[in-house]
Amino acid sequence: MQSTAFIVFYSAASSCTEPAGLRSTLAAAGHEVISESFFGGPGRTGARWEVSGTVRQLRALTNPLDDRLAASTDPELYGAAIAVVPAELVRAKKLLLVMDVDSTLIKQEVIELLAAHAGREAEVAAVTESAMRGEIDFAQSLHSRVQVLAGLGTEVIDAVRGTLELSDGAAELVAAFKAAGHHVAVVSGGFAQVLGPLAAELDLDFARANDLDIAAGRLTGLVNGTVVDRAFKEVMLRTWAAELGIEMEHTIAAGDGANDLDMLGAAGLGVAFNAKPLLRAAADARIDLPRLDIIANLVGIS
């Protein structure tokens, strides 16, 4: 039986135009287009082709095309991208999607929202940015950022929780996966006290984040237990997949920063969502449009 994979193309254009050179590149290398379908949704249109060949072969052919799309200044190609998705992932009866939270599931960075109540937002934001670029150790950066929260009353947690904004398409993505019988989880370098109610509201299967230490109704500037860093995120992906009886090849991980590198590398499909350069370079697929539900298009759910 011949190997196949899916090539997915999308952009913000109102109509889907096949990337220049795609078919000729495939034909010259002896790959056959078996089927073609189209999709659309808020802020994007796209196409999906099932093509003969392995994922490795097809990525080697399409990566140069994708690089040209990413560098293009043509307004018709705004946000355009090509991804190669394993056929077994598209056809899997059960999938597990695990996402980062800050700047992925939601638009903000929770630690910065909390720090604003201490008058230290700019300082903390600079450290967060450096950590997400992979320039400094995440656990070390987390401890230093949480220290500035010492003394804040726990009412700031409720205040921050009330300002959270889901990324565009986040609710639709979760709903589409759940309706198709799949599983969705989040693992965050943020805080359980903020994430818990949001996870319950979205009916997520699992959620894990750091635990803020609280004493006498105030934040102590410490976190309890194991820090949710890049290594721990991969551990949770593997743990939840095993608990659900889902093969790692049938998992998807999405994030935006260096803290997500291990998780994306371990998943069957790693998706960089409006990500920092280090993660973009390592991911299997990139989304440079502000619509998280494009992940559903990548794996054929919509």
Side-chain angles (χ1 to χ4, degrees), residues 10-12 43-44 59 63 66-73 77-83 97-115 121-146 164-170 173 186-191 195 208-210 227-234 236-237 251-267 269-295 298:
Y10 63 87
S11 74
R44 83 286 197 174
R59 283 181 181 160
N63 281 349
D66 187 51
D67 290 342
R68 289 201 291 273
L69 289 174
S72 175
T73 58
L77 293 176
Y78 170 68
I82 298 175
L97 167 63
V98 178
M99 293 181 284
D100 176 39
V101 177
D102 293 12
S103 299
T104 301
L105 181 71
I106 64 174
K107 295 180 179 180
Q108 305 108 311
E109 293 283 336
V110 167
I111 184 69
E112 295 172 15
L113 298 178
L114 290 169
E121 182 179 9
E123 171 190 339
V124 166
V127 177
T128 299
E129 181 73 11
S130 183
M132 290 302 99
R133 290 195 301 263
E135 296 169 348
I136 58 177
D137 176 73
F138 179 83
Q140 180 183 355
S141 77
L142 178 71
H143 288 303
S144 68
R145 286 176 290 162
V146 171
L164 296 184
E165 294 181 64
L166 288 172
S167 292
D168 295 341
L173 172 65
V186 292
V187 58
S188 173
F191 308 108
L195 177 59
R208 182 65 184 264
N210 294 300
V227 169
V228 179
D229 60 8
R230 60 186 278 183
F232 193 79
K233 286 189 173 189
E234 179 186 348
M236 295 315 303
L237 169 67
T251 65
I252 305 154
D256 72 297
N259 198 32
D260 304 307
L261 275 165
D262 293 1
M263 177 173 72
L264 265 66
L269 183 71
V271 181
F273 179 68
N274 294 307
K276 305 297 185 295
L278 191 64
L279 192 70
R280 281 171 56 93
D284 300 316
R286 63 179 174 87
I287 295 175
D288 293 338
L289 294 173
R291 292 294 311 190
L292 195 59
D293 51 350
I294 290 173
I295 293 173
L298 291 177

From CA spacing to verdict: side-chain contact (heavy atoms from CB on, under 4.5 Å), Arg208, Phe232: CA-CA 10 Å; Arg208 182 65 184 264; Phe232 193 79; 3.6 Å; yes
Evaluation steps, side-chain contact (heavy atoms from CB on, under 4.5 Å), between Leu269 and Ile295: CA-CA 10 Å; Leu269 183 71; Ile295 293 173; over 6 Å; no
Working for salt bridge (charged side-chain N to carboxylate O under 4.0 Å, His left out), residues Arg286 and Asp66: CA-CA 10 Å; Arg286 63 179 174 87; Asp66 187 51; 2.9 Å; yes
Trace of the side-chain contact (heavy atoms from CB on, under 4.5 Å) decision for Ile287 with Tyr10: CA-CA 9 Å; Ile287 295 175; Tyr10 63 87; 3.4 Å; yes
Test log, rule side-chain contact (heavy atoms from CB on, under 4.5 Å), inputs Leu97 and Leu173: CA-CA 10 Å; Leu97 167 63; Leu173 172 65; 3.8 Å; yes
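Rounding to the nearest 0.5 Å gives a distance of 11.0 Å between CG of Leu278 and CE of Met132. Atoms CZ and CG, from Phe138 and Asn259 in turn, are 4.5 Å apart once rounded to the nearest 0.5 Å. Remark: Asp102 CG to Gln108 CD distance equals 8.5 Å, nearest 0.5 Å. Asn210 CG to Ser188 OG: the interatomic distance, rounded to the nearest 0.5 Å, is 7.0 Å. Rounded to the nearest 0.5 Å, atoms CG (Leu289) and OH (Tyr78) are 5.5 Å apart. Between the CD atom of Glu234 and the CG atom of Leu261 there is a distance of 11.0 Å, given to the nearest 0.5 Å.
Scanning both residues, Ala283 and Ala272, for their nearest heavy atoms gives CB-CB, 3.6 Å. The two residues Ala258 and Ala131 come nearest to each other via the heavy atoms CB-O, 3.8 Å. Taking each heavy atom of Asn274 and Pro290 in turn, the nearest pair found is ND2-CA, 4.0 Å. Among all heavy-atom pairs drawn from Ile136 and Ser141, the shortest one is CD1-CB, 3.7 Å. A pairwise comparison of heavy atoms in Leu298 and Ala285 identifies CD1-CB, 4.2 Å as the closest pair. Across Arg280 and Ala275, no two heavy atoms sit closer than the pair CD-O, 3.3 Å.
Side chains of Thr128 and Arg145: a donor-acceptor N/O pair is present below 3.5 angstrom, by distance only. A donor and an acceptor atom, one from each side chain of Glu109 and Ser103, are located under 3.5 Å apart.
Using a 4.5 Å heavy-atom cutoff, the side chains of Ile111 and Phe191 are in contact. Taking 4.5 Å as the limit, every side-chain heavy atom of Val271 sits out of range of all side-chain heavy atoms of Asp284. Looking at Val228 and Lys233, their side chains come closer than 4.5 Å, going by heavy atoms from C-beta outward. Between Arg230 and Asp260 the shortest side-chain heavy-atom distance does not fall below 4.5 Å. Looking only at side-chain heavy atoms (C-beta outward), Asp293 and Asp168 stay at 4.5 Å or farther from each other. Annotation: side chain of Asp100 is not in contact with side chain of Val186 (no heavy-atom distance under 4.5 Å). Considering only heavy atoms from C-beta on, Val101 comes within 4.5 Å of Leu195 through its side chain. The side-chain heavy atoms of Thr104 and Ser167, taken from C-beta on, include no pair separated by under 4.5 Å.
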